[in-house]
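Atoms within each ligand, like the ligands themselves, are counted from 1 in listed order.
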Amino acid sequence: MTHEAVWQHILEHIRRNITEVEFHTWFERIRPLGVQEGVLELAVPTSFALDWIRRHYAELIQEALGLLGAQAPRFELKVVPSTAVQEDIFHAAPPLDAPQPRLNPKYTFENFVVGPNNSMAHAAAVAVAESPGRAYNPLFIYGGVGLGKTHLMHAVGHSVAKRFPHLKVEYVSTETFTNELINAIREDRMSEFRERYRSVDLLLVDDIQFIAGKERTQEEFFHTFNALYEAHKQIILSSDRPPKDILTLEARLRSRFEWGLITDIQPPDLETRIAILKMNAEQRGLRIGEEVLEYIARQVTSNIRELEGALMRTVAYASLNGVELNRVVAAKALSEIFSPREVEVDPQEIVRKVAEHFALRPEDLVGGGRRKEVVLPRQVAMFLVRELTRSSLPEIGQLFGGRDHTTVLYAIQKVQELAESDREVQSLLRALKERLV
Ligand SMILES: Nc1ncnc2c1ncn2[C@@H]1O[C@H](COP(=O)(O)OP(=O)(O)OP(=O)(O)O)[C@@H](O)[C@H]1O
């Protein structure tokens, strides 16, 4: 199974470096066969393809292998005529009688790990899936990049499609909605466009923040929204921020987005990250030790897509170099993508350590209290989270009880100033950092 992880990584690199047409023509039919003594074996469908790939893409494949940490990057091509065409999950041929919504088959409720960071959003999604159009309408899910918003939306889509096969489910990104609208206007097909979106029973719209500033799209979406809402059809929207923070959004749309339930997804804590990695490894048939999983989970704290990428990179690295996957190997595999400041630090751990140092409880630091004894420790904790993790200012604000990013910025500047003028603060920060990294 590990050779497939290696190949997926190589494909990602190749895809970034060639055109879609080239990728589709030459790479989608290649199948990884295995890794023998550090050599990756690949099956291609014809000898013509073998020749072409060897002549035109060998360097690119070697480069990708090198980036994965292969010491002596090598691969071998073999002709295997029966190689099936790789099925593109998003464009799998729909059955003739029922067009399937554009849903990723992997994004189901069964594959979604529930933790304290997403339990509200998950519960709301389940409720909506059980009685679409009746529970919360619209359901508005917001949260940072790669935290599972799309996954949850698709999970509702799958569940509804299974429970209520007669209902029509449509998933669309705001970008696609906008492009389709532009094309419909240009080609004089507006009534077809309207019919398409107003005839669905469950409409899932991803990244709705991108509607900001697009007047015509807002206008059209407003009417789609009203038509569906009035007919008790379910609408689910995802965004990287709550409606009130989407600037240049028409007031009438904003208020509609706020009619139902607004729920957020926060970055997962360490335990949830480990559980996600565990599930991922199991699904791919990989057996990976607890300590390796924990190590990876400590590296990537605020983006689950990156967390999964780190797991696959680690597996690929071990496989290509023919070594057993342990903590040291994982550290080597990830050392190039994570600079030292990001290594090993979990924001929650910073809060715990700082609280412990000042003989406070972690809840005191993330809570709303403004007692003098907690103000400086909280500012120090915010400063360290900024220094030692990749959390953004709004993410830090959220971690510390939903504070505004300007408060976080103020805290960081304050500690910075103190550190420059006060030796005691300097040594405090040094001591805390040593205990954390
Ligand atoms: N709770 C979870 N359990 C299991 N996998 C998860 C979970 N949350 C996210 N993932 C996985 O993380 C990856 C990123 O998730 P997703 O694309 O849904 O994020 P997103 O919030 O929509 O990101 P973006 O802001 O980039 O659109 C996906 O592979 C998804 O399956």
(request) Identify, for atom 26 (O) of ligand 1, the protein heavy atom at the shortest distance, and state residue, atom and that distance. (result) R305 NH2, 3.0 Å
(request) Apply salt bridge (charged side-chain N to carboxylate O under 4.0 Å, His left out) to E110 and list each qualifying residue two or more places apart in sequence or on a separate chain. (result) none
(message) Any atom of ligand 1 sitting under 4.0 Å from a heavy atom of D240?
(response) no
(request) Name all pairs fulfilling the side-chain hydrogen bond (donor to acceptor under 3.5 Å, both in side chains) condition that reach into residues 114-130, sequence neighbours left out, sorted by first residue then second. (result) none
(message) Does R15 qualify as a cation-pi partner of F23, given the criterion of NZ or CZ under 6.0 Å from the six-membered ring centre and within 45 degrees of its axis?
(response) yes
(request) Look at D346 together with R298 and state whether they make a salt bridge at an N to O cut-off of under 4.0 Å. (result) no
(request) May I ask you to identify the nearest protein heavy atom to atom 25 (O) of ligand 1, giving residue, atom name and distance to one decimal place in Å? (result) K149 NZ, 2.9 Å
(message) One thing to verify: whether E192 and R196 come together as a salt bridge, which I'm taking to mean a side-chain N less than 4.0 angstrom from a carboxylate O.
(response) no
(message) I want to know if ligand 1 touches L147 in the polar sense, i.e. an N/O pair below 3.5 angstrom.
(response) yes
(message) Does only the side chain of N111 get under 4.0 Å from ligand 1, or the backbone, or both, or neither? Count heavy atoms.
(response) backbone
(request) Examine the side chains of Q283 and N111 and answer whether a donor and an acceptor come within less than 3.5 Å of each other. (result) yes
(message) Pair I246, S239 - check side-chain contact (heavy atoms from CB on, under 4.5 Å), show working.
(response) CA-CA 9 Å; I246 306 179; S239 165; 3.9 Å; yes
(message) For F222, does the six-membered ring have the charged nitrogen or CZ of R256 within the cation-pi criterion, i.e. under 6.0 angstrom from the centroid and within 45° of the normal?
(response) no
(message) Which residue and atom name correspond to the protein heavy atom nearest atom 18 (O) of ligand 1, and how close is it?
(response) H151 N, 2.8 Å
(message) So, 4.0 Å and heavy atoms of G144: is ligand 1 close enough to count as a contact?
(response) yes
(request) If you have a sec, work out which protein heavy atom is nearest atom 9 (C) of ligand 1 and how many Å separate them, to one decimal? (result) G148 CA, 3.4 Å
(request) Could you tell me whether K353 and E349 have a side-chain N and a carboxylate O separated by less than 4.0 Å? (result) yes
(message) Tell me the protein heavy atom at minimum distance from atom 8 (N) of ligand 1, and give that distance in Å.
(response) I304 CD1, 3.3 Å
(message) So is K106 touching ligand 1 or not, going by heavy atoms under 4.0 Å?
(response) yes
(message) Quick test: of every protein heavy atom, which one is nearest to atom 28 (C) of ligand 1, and how far off is it to 0.1 Å?
(response) Y107 OH, 3.6 Å
(message) Looking only at protein heavy atoms, which one is nearest to atom 23 (O) of ligand 1, and what is the separation?
(response) G146 N, 2.9 Å
(request) Mark up the atoms of ligand 1 that fall under 4.0 Å of a heavy atom belonging to N118, in ascending order. (result) 1 (N)
(message) Around atom CD of E59, are there more than 12 heavy atoms from other residues, nucleotides or ligands closer than 6.0 Å?
(response) no
(request) Return yes or no for this condition: an N or O of E308 is under 3.5 Å from an N or O of ligand 1. (result) yes
(message) Give me the nearest non-hydrogen protein atom to atom 3 (N) of ligand 1 as residue plus atom name, then the distance to 0.1 Å.
(response) V113 N, 2.8 Å
